Amino acid sequence: MCGIFGCVLRNEMAGPIIRSALERLEYRGYDSIGQATLSSGKIFVKKDKGKISEVQKTLNFDEMLGKLGLGHTRWATHGMPSKENAHPHLDCDGNIAVVHNGIIENFMELRKNLEPKHKFRSRTDSEVISHLIEDYMEEGENLEEATRLTAKRIKGSFAVAAISNQEHDKLVCIKKESPLIVGVGEEGVYCSSDMSALLPLTKNALIMEDGELGVLKIDEIKFIKIKNGESVKKEITKIEWTLSDAMKGGYPHFTIKEINEQPTSIRNTLRISPIYHELIASKLCDSERIFLIACGTSYHACIAGSYLFSKISKIDSRPVIASEFKDQYSEILNSKTAIIALSQSGETADTIEALKTVREKKASILSITNVMGSSITRFSDIYIGQNSGPEIGVAATKSFTSQLAILTKLALTMATKRNSMDEENRREIDRGLKTLPSYIEKVIERVDDKVKSIAKKYVDSESFSFLGRGINSATALEGRLKLLELTYTPSLAYPAGEVKHGFIATVESNRPAIFIAPRDDNHNKIINNIMELKSRGAKIISLIEKDDKKIIEMSDDYIEMPQMHALLTPLTYIVPLQLFAYYMAVEKDLDPDKPRHLAKSVTVE
Ligand code: F6R
């Protein structure tokens, strides 16, 4: 999730206007920043790795004059944070500058075709855009048509702004599945990834839809369809938001925004080139021993991941809490061991310490992280980026589902290599994964109000227990962690089969039990567990597949979920639990974005 901004101005102030717009977009990405302006017929670019405030000290973007310009704040997906990989990207001769937010899925193939003729300077997927536009302009197209034709060639998601020194009065922008808004002000026209950058400049916005191209000139704005060049009419929308509303996309908190972003973040996660999965899967298949290590939410993804590895890939792996790893396992590591480290931040001290031991023992380090260039990516032999975009709420939400989506893909890739699952079943899971974003969209839409009312009803409960079986014992742990973090409510999480071995003694009516109970192979057993607790006076809240009459009858409250492959259920059943924790925090008047005593990135052991 990067931030892009572009402007066409009456005055020459492009440099400072873009810089201050990027400061307001920085929450969308902050590993690199760059700007391009057009002045005296030439394009000037300043860019570097680092936060805006740091880079501004050395590069001083405010000195960049011009009426036309672009800017970008980056959250790396393809290519580490570096000066070369920072946007804007130029064509070979520096006549065209481009900024991009999104993921170009077919960039490798496009780059291969372009490389013999073009000079690439970065490792990003985005740079193909400037070279494609260059080719079309060389063939005689203007910037508008060259950008339209380029948009038809690229697959994936994009919000792109482009300028050329051949057409000094305009900026061209295109959109598909990444946000883009056009602002119309007295002093200029603008395009931006979101409202936050537009706020001090104008309250008049034109919202771009997928598949559209905009041509912005100071006194004329036009929109066309990328598909066929047909003209599109738009009405001005008045922006009534404050800056903080705008950054949160209109949601009251980042946490709820990020819960709602999961369809998009999973879509982006699944866009990662299969090559990365192939590399990691090969390494895992060749290893004698596999550990999945992490802390907190990432550890819960490891637990679910180890179920997926054994059930789909028929391969043994062990999830281990990073802070315990060295103590228990350092003596049995060797070069035939593979470690998968999961970390949203890529900076968690306990995970890094565990990896130091792993490195000493020459085991392979494979990682899944949301922050490219983080310590954990630097420690790793191979890594996969989560592509979740920055997660600002302290509690991990969208990063959990992205990590799990990657682990599911890895398990499927290993299954193909090892021929460990019948093809039909493997395909069913693969198809399920692809439809997951739209399923989650529906889940959020359907359950949001119900979860809110359940949170209201149970807000004064003394504690909760979260119970699931099989892969959903990981969902139970993660649901419990969300509630703990956001509401400080003491709660338990158990594999449901374990309740009779002690936990059952704690059952009371003011301690509701939340059952994660899809209609899977464990269904009958979990019904027994529900009965065990119900008969001892527990209030039952259940997460069930639609129309599961048996469990509905036993439940005080229930949330119905769509039917899906049993192994994909943690990816969706966690969503109502995230919502539950969030609405409980709101009911209790707590700040869900910043729970007390917690840090987003735990950099001490
Ligand atoms: C849970 C949470 C923490 C982190 C843990 C690991 O909501 O935010 O428990 O999951 O600190 O962090 P990463 O994934 O950055 O290594």
Side-chain angles (χ1 to χ4, degrees), residues 31 75 253-259 261-262 265 269 291-305 319-325 339-356 365-380 383-407 466 474-489 491 493 570 574-575 577-582 584-585 590-605:
D31 64 46
W75 184 261
H253 300 101
F254 282 108
T255 305
I256 186 70
K257 173 174 180 260
E258 287 159 6
I259 293 172
E261 266 169 14
Q262 288 176 111
S265 55
T269 299
F291 292 101
L292 293 138
I293 64 166
C295 305
T297 290
S298 300
Y299 169 65
H300 298 150
C302 290
I303 298 178
V320 187
I321 289 182
S323 55
E324 289 297 315
F325 184 75
I339 310 294
I340 307 189
L342 261 69
S343 174
Q344 186 284 130
S345 63
E347 299 295 346
T348 299
D350 287 323
T351 312
I352 294 173
E353 271 313 299
L355 292 183
K356 287 184 186 159
I365 303 180
L366 318 166
S367 65
I368 298 171
T369 145
N370 197 24
V371 185
M372 292 291 137
S374 58
S375 304
I376 289 180
T377 54
R378 294 201 300 274
F379 255 96
S380 307
Y383 53 83
I384 300 185
Q386 288 176 213
N387 281 0
S388 319
E391 196 175 56
I392 295 169
V394 164
T397 50
K398 61 177 178 170
S399 59
F400 176 74
T401 42
S402 285
Q403 288 171 340
L404 208 45
I406 293 175
L407 290 170
F466 292 79
T475 319
L477 285 165
E478 179 56 10
R480 189 262 310 249
L481 181 58
K482 292 294 85 97
L483 190 71
L484 286 183
E485 287 176 302
L486 297 190
T487 70
Y488 328 137
T489 310
S491 300
I574 191 58
V575 176
L577 298 179
Q578 294 168 339
L579 289 170
F580 178 65
Y582 171 76
M584 286 285 281
L590 299 168
D591 180 355
D593 285 347
K594 293 194 193 91
R596 69 182 185 203
H597 312 322
L598 293 180
K600 183 72 188 157
S601 176
V602 185
T603 54
V604 288
E605 274 184 85

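In this text the structure is predicted, and so the values were computed from the model without any measurement. Atoms within a ligand are numbered from 1 in the order they appear, just like the ligands themselves.
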Checking the N or O distance criterion of under 3.5 Å, is ligand 1 in contact with Gly296?
no
Is there at least one pair of N or O atoms, one from Lys482 and one from ligand 1, spaced under 3.5 Å apart?
yes
Shortest protein heavy-atom distance from [atom], along with the residue and atom involved:
atom                    : result
atom 6 (C) of ligand 1  : Cys295 O, 3.3 Å
atom 12 (O) of ligand 1 : Thr348 OG1, 3.4 Å
atom 4 (C) of ligand 1  : Thr297 N, 4.1 Å
atom 11 (O) of ligand 1 : Val602 CG2, 3.9 Å

Donor-acceptor side-chain pairing of [X] and [Y] below 3.5 angstrom:
X      : Y      : value
Thr489 : Thr487 : yes
Asp593 : Thr255 : yes
Ser298 : Gln344 : no

Option set Gln578, Gln344, Glu485, His300, criterion heavy-atom distance to atom 1 (C) of ligand 1, minimum
Glu485
Would you check if Leu404 and Pro570 make a side-chain contact, meaning some heavy-atom pair closer than 4.5 Å?
yes
Atom [atom1] in [X], atom [atom2] in [Y]: separation rounded to 0.5 Å?
X      : Y      : atom1 : atom2 : answer
Glu324 : Ile293 : CD    : CD1   : 12.0 Å
Thr475 : Ile574 : OG1   : CD1   : 6.0 Å
Leu481 : Leu577 : CG    : CG    : 11.5 Å

Which atoms of ligand 1 are found less than 4.0 Å from any heavy atom of [X]?
X      : result
Ser298 : 10 (O), 13 (P), 14 (O)
Ala396 : 1 (C), 7 (O), 8 (O)
Ser343 : 13 (P), 14 (O), 15 (O), 16 (O)

Would you call Glu347 a ligand 1 contact, heavy-atom distance under 4.0 Å?
no
Answer yes or no for Val394: is there a heavy-atom contact with ligand 1 below 4.0 Å?
yes
Could you tell me which non-hydrogen atom of Ile303 sits nearest to which non-hydrogen atom of Leu477, and how far apart they are?
CD1-CD1, 3.5 Å
